[in-house]
Amino acid sequence: MPVPHALPSTVFTTDQGSGEERFEAWRSSISVVFDVAPLDRDPLESFSASVTACHLGALLVGDLHFGRQQFSRGAPRVARDGVNHYLVQWYRSGGFVGQHDNGVDMQVRAGDITVFDLGRTQRTYANPSHVLSIVVPREIADEAFCSPSADLHGTVLRGHTALGGLLSDYLQSLHRRLPAVTLPEAPAVVQATTQMLAACLRPSRDTLAQAQPQIQGVTLERIQQYIAQSLGAPLSPELLCRTFGISRSMLYRLFEPLGGVAHYVQQQRLVRAFHALANPANRRLRVGEIATRSGFTSEAHFSRAFRAAFGLTPSDVRATARGTANRAGAFAAGDAMRPTAEYADWVRALQV
């Protein structure tokens with residue numbers, strides 16, 4: 001059953017037919033943006049491609065997998081189709097070599113982010129890749145970048161740089177959260193995304209200032225992921241500040257809505273301990289050992305904090321779990337995404 005107010009979405013996949021038939025289906029699907037061709041001597045029998053796209057109203061976000069091939073937008077094609085959006089691509093794996101404009105060489109590796117102006121020419125030779133792409137109308141990009149003349153065509157933001165890593169983290173978070181975004185929320189997501197793109201691709205005082213909420217949100221999420229992976233180890237504010245290159249005051253501001261750094265870390269440790277105690281597979285572990293593995297240095301402190309948080313003692317949780325079937329939460333994914341619109345039509349009609 002469709003989710004009320006869910007974003008329009010569409011899926012394309014080459015899962016049937018011969019290699020040539022799959023490539024022709026892909027050629028037809030992607031032709032709204034690129035002319036594609038197989039690379040010389042590259043067999044098509046193993047070729048496959050897929051696109052899962054969501055329409056945010058003013059942006060298109062696509063998750064693409066594709067095999068080796070050539071992508072191009074020559075001068076006749078650019079003049080003929082009139083598509084002049086910006087295409088932002090994060091190469092999660094794979095990459096390409098190629099040229100843009102009048103023979104300017106470029107190379108993109110796994111982890112890099114690149115921008116193409118679809119109103120200008122390019123030719124690239126891609127390896128099998130997994131790409132997150134965002135189609136941004138020119139009017140939105142010009143406004144976000146605080147400059148209608150920003151020359152973004154062929155821009156490559158390396159994944160190992162600070163801004164490249166920050167933007168990659170944001171795009172990964174955006175992709176993960178898209179299924180939960182509703183139509184009423186879409187304009188705010190569009191604004192946050194374009195501000196983040198501007199701040200990382202064309203950093204300036206204005207673009208960085210506008211993207212501060214998004215930058216801080218990504219930084220908080222990165223710290224939370226680090227904490228989740230390190231609960232059994234010491235997690236002092238000094239360590240977190242040093243690891244993420246931020247000041248103590250910034251760290252405290254980020255965690256203030258969550259009750260503070262120390263409170264957040266302790267709550268995450270308690271939740272981990274709760275799950276460990278409730279799992280019958282851990283029945284041979286002493287409570288003190290579970291406390292230590294969860295990052296507590298005192299079993300007495302652990303027991304007091306545990307009861308204050310959950311209203312139960314660690315032994316209560318273990319007793320409740322004993323003799324019950326081990327349950328794993330299963331969330332129904334619902335029906336498979338159904339095509340709700342043609343991606344080509346979306347690209348042609350995309351407007352502010």
Side-chain angles (χ1 to χ4, degrees), residues 56 59 61 63 88-92 109-115 132-134 136 141 144-146 155-181 185-272 295:
L56 284 162
L59 300 179
V61 180
D63 187 47
V88 180
Q89 296 180 306
W90 172 33
Y91 271 74
R92 306 184 71 167
R109 306 178 185 88
D112 294 345
I113 297 168
T114 187
V115 184
L132 186 72
S133 71
I134 304 180
V136 186
F145 283 86
C146 304
T155 295
V156 178
L157 185 60
R158 298 299 178 191
H160 66 268
T161 64
L163 290 176
L166 188 64
L167 185 53
S168 297
D169 287 343
Y170 176 82
L171 294 176
Q172 184 175 29
S173 178
L174 172 66
H175 182 232
R176 186 171 64 250
R177 297 173 187 276
L178 269 179
V181 176
E185 295 169 329
V189 175
V190 168
Q191 182 179 23
T193 301
T194 53
Q195 288 176 346
M196 195 68 181
L197 291 172
C200 294
L201 291 167
R202 282 292 183 271
S204 68
R205 180 178 299 178
D206 289 340
T207 58
L208 287 171
Q210 290 178 357
Q212 276 306 301
Q214 289 74 46
I215 293 173
Q216 291 179 7
V218 171
T219 302
L220 175 61
E221 188 164 311
R222 292 172 67 192
I223 298 173
Q224 289 175 309
Q225 290 174 350
Y226 179 84
I227 289 172
Q229 296 164 1
S230 311
L231 288 173
L235 286 168
S236 66
E238 292 79 10
L239 173 65
L240 295 174
C241 289
R242 187 167 61 250
T243 301
F244 292 92
I246 60 176
S247 67
R248 184 185 288 261
S249 59
M250 171 61 75
L251 180 70
Y252 289 166
R253 281 200 301 273
L254 289 175
F255 279 88
E256 184 178 359
L258 302 176
V261 185
H263 174 78
Y264 178 82
V265 171
Q266 177 165 293
Q267 290 302 110
Q268 296 306 301
R269 285 172 168 159
L270 289 170
V271 169
R272 171 172 289 189

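In what follows, every heavy atom counts, from backbone to side chain, and hydrogens, waters and symmetry copies are set aside.
- Gln268 contributes atom CD, which lies 7.5 Å from atom CD1 of Ile227 (distance to the nearest 0.5 angstrom).
- The heavy-atom pair separating Leu251 from Cys241 by the smallest distance is CD2-SG, 3.8 Å.
- Here the OG1-CG distance, from Thr193 to Leu174, works out to 4.5 Å after rounding to the nearest 0.5 Å.
- A distance of 10.5 Å separates NE2 of His175 from CD1 of Ile134, quoted to the nearest 0.5 Å.
- A pairwise comparison of heavy atoms in Gly164 and Ile113 identifies O-CD1, 4.0 Å as the closest pair.
- When all heavy atoms of Leu258 and Gln224 are compared, the closest pair comes out as CD1-NE2, 3.5 Å.
- Listed for the Thr155 side chain is no donor-acceptor partner under 3.5 Å among the backbone atoms of Thr114.
- Applying the side-chain hydrogen bond (donor to acceptor under 3.5 Å, both in side chains) rule to Tyr91 yields no partners; only residues at least two apart in sequence or on another chain are considered.
- You'll find the side chain of Pro234 stays beyond 4.5 Å of the side chain of Ser236, heavy atoms only.
- No side-chain heavy atom of Trp90 sits under 4.5 Å from any side-chain heavy atom of Leu167.
- For Ser133 against Gln89, the heavy-atom pair with the smallest separation is CB-CG, 4.2 Å.
- A pairwise comparison of heavy atoms in Leu171 and Leu132 identifies O-CD2, 3.6 Å as the closest pair.
- Annotation: side chain of Ile246 is in contact with side chain of Ile223 (closest heavy-atom distance under 4.5 Å).
- Between atom OG1 of residue Thr194 and atom CE of residue Met196 there is a gap of 11.5 Å, rounded to the nearest 0.5 Å.
- Every residue meeting the side chain to side chain contact (heavy atoms under 4.5 Å, CB included) condition with Gln191, not counting sequence neighbours, appears here in chain and number order: Gln195.
- Once rounded to the nearest 0.5 Å, the distance linking OH of Tyr170 with OG1 of Thr219 reads 13.0 Å.
- Pairs of residues two or more places apart, or lying in two chains, that qualify as salt bridge (charged side-chain N to carboxylate O under 4.0 Å, His left out) and include a residue from residues 216-240 are Asp169-Arg222, Arg176-Glu221, Arg177-Glu221, Glu238-Arg248.
- Side chains of Tyr264 and Leu254 form no contact here, defined as non-hydrogen atoms less than 4.5 Å apart.
- Atom-to-atom distance recorded for Gln225:CD and Ser173:OG is 8.0 Å, nearest 0.5 angstrom.
- The minimum heavy-atom distance linking Val181 with Glu185 is given by the pair CA-OE1, 3.5 Å.
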